[in-house]
Amino acid sequence: MTLGINGCSQVPEFSRVAGPSAALNYLVQRQHHILVVGDSTTAGTTFGGHGYTNWVNVVATDLAAEGRSAAFARVASGGSGYLTSSIDDGATFFSGVRRNAGPDTDLIVAFGSNNDMEAPGDLRDAVRRVIELAQQRSPRTAIILVAPIWIRSPQPPASHDRMTRILATVAEEYDLEYHDPTQERWLADTSGYLGEDGIHPNDEGHRILANRMGDVIGRRLDRLEADQA
């Protein structure tokens, strides 16, 4: 089994994630290309989600174990967002889509970003720009917006609530699938999933995120395969 996950600050190329029978499946079933853009929660940190414990890597491994042919490109780093730039390379969600989405991209997942909570600028317009760019680069791609998860305290600040309302409104405007992990209580018991920094999910938190996002991505792949049948 070959597991291809490209990360954080480098421009990724799609790599094949092959299941046990992928050598045969590849001849008759088109491989799915999935682009994930995000911040440090998606990139992983020393406090959790580093390497193969990262939620994107876990989802890819789980899909491969199911024999599903998928190639993931992960473009995520600390500080990145719709409005904010990565502390590593200046990347934003917009630049991640611009550099990595193409005609063969089947699914784009934008996860985050808490960095946008207090950032200056028009968040609504920034999200729209990312969506419209994605649709231009890959007209047939499916897009999923995932709000940033809040696990630092039992109650998110008002700025977080304002941000998630904007994301939900824009997703509805473009008829996109949308998930709010905080409202949907993906990590309901934050004490068990919070890293030592008190900000980011630990490895167990990434496993829960992988379970949830695996379901979300798996259902979308089911729909794509049904449309291709």
Side-chain angles (χ1 to χ4, degrees), residues 1-7 12-38 41-44 49 52-76 93 96-97 99-112 130-131 133-149 167-168 170-172 174-181 184 186 205-229:
M1 178 177 72
T2 301
L3 176 63
I5 294 291
N6 299 284
E13 296 178 355
F14 285 110
S15 300
R16 188 176 178 189
V17 179
S21 58
L24 295 177
N25 289 343
Y26 189 74
L27 298 176
V28 296
Q29 181 181 3
R30 183 183 177 278
Q31 184 184 34
H32 298 296
H33 289 171
I34 303 169
L35 172 63
V36 182
V37 296
T41 296
T42 296
Y52 284 100
T53 63
N54 181 272
W55 73 260
V56 181
N57 293 23
V58 175
V59 171
T61 302
D62 290 347
L63 288 174
E66 296 172 3
R68 308 189 76 164
S69 182
F72 280 74
R74 183 186 64 214
V75 185
F93 286 12
V97 171
R99 294 171 184 171
N100 300 288
D104 291 336
T105 306
D106 297 292
L107 174 62
I108 296 175
V109 178
F111 195 131
V130 170
I131 293 170
L133 174 66
Q135 292 173 336
Q136 292 168 7
R137 298 300 299 271
S138 182
R140 64 182 183 82
T141 193
I143 303 171
I144 300 175
L145 298 189
V146 183
I149 190 165
L167 290 173
V170 176
E172 183 177 8
Y174 287 85
D175 193 25
L176 303 181
E177 182 174 353
Y178 171 77
H179 294 276
D180 185 340
E184 296 174 27
W186 287 9
H206 272 264
R207 174 73 255 189
I208 299 300
L209 290 179
N211 290 342
R212 295 286 192 163
M213 287 304 302
D215 289 342
V216 169
I217 292 173
R219 288 194 299 269
R220 178 59 64 167
L221 294 185
D222 288 341
R223 292 173 60 181
L224 290 173
E225 290 167 4
D227 291 341
Q228 294 170 3

*Does A43 offer a backbone N or O that forms a donor-acceptor pair with the side chain of N54 under 3.5 Å?*
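Present.
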*Could you tell me whether a side-chain N or O of D106 sits under 3.5 Å from a main-chain N or O of H33, the two making a donor and an acceptor?*
yes
*Taking the side chain as every heavy atom from C-beta outward, state whether Y174 and L145 have any pair of such atoms under 4.5 Å apart.*
no
*Output all residues satisfying side chain to side chain donor-acceptor pair (under 3.5 Å) with E184, sequence neighbours left out; order by chain, then residue number.*
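Here the qualifying residues are H179, W186.
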_Contacts of type side chain to side chain donor-acceptor pair (under 3.5 Å), residue T53, not counting sequence neighbours_ = D203
_Quick check for you: to the nearest 0.5 Å, what is the distance between T141 atom OG1 and L35 atom CG?_
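It is 8.0 Å, given to the nearest 0.5 Å.
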*Value rounded to 0.5 Å, distance of CG in L107 from CG in L221*: 6.5 Å
*Tell me, please, which residues at least two apart from A134 pass side chain to side chain contact (heavy atoms under 4.5 Å, CB included).*
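A134: side chain to side chain contact (heavy atoms under 4.5 Å, CB included) contacts with V97, I108, I143.
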*If you look only at pairs with a residue in residues 207-218, which of them pass as a salt bridge (charged side-chain N to carboxylate O under 4.0 Å, His left out), with sequence neighbours excluded?*
D62-R207
*Matching residue for R68 among H32, Q31, E225 - test: side chain to side chain donor-acceptor pair (under 3.5 Å)*: E225
*What is the minimum heavy-atom distance between N100 and T105, and which atoms define it?*
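That would be O-OG1, 4.2 Å.
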*Residues in salt bridge (Lys or Arg N to Asp or Glu O under 4.0 Å) contact with R220, at least two apart in sequence or another chain*: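 Result, salt bridge (Lys or Arg N to Asp or Glu O under 4.0 Å) vs R220: E177.
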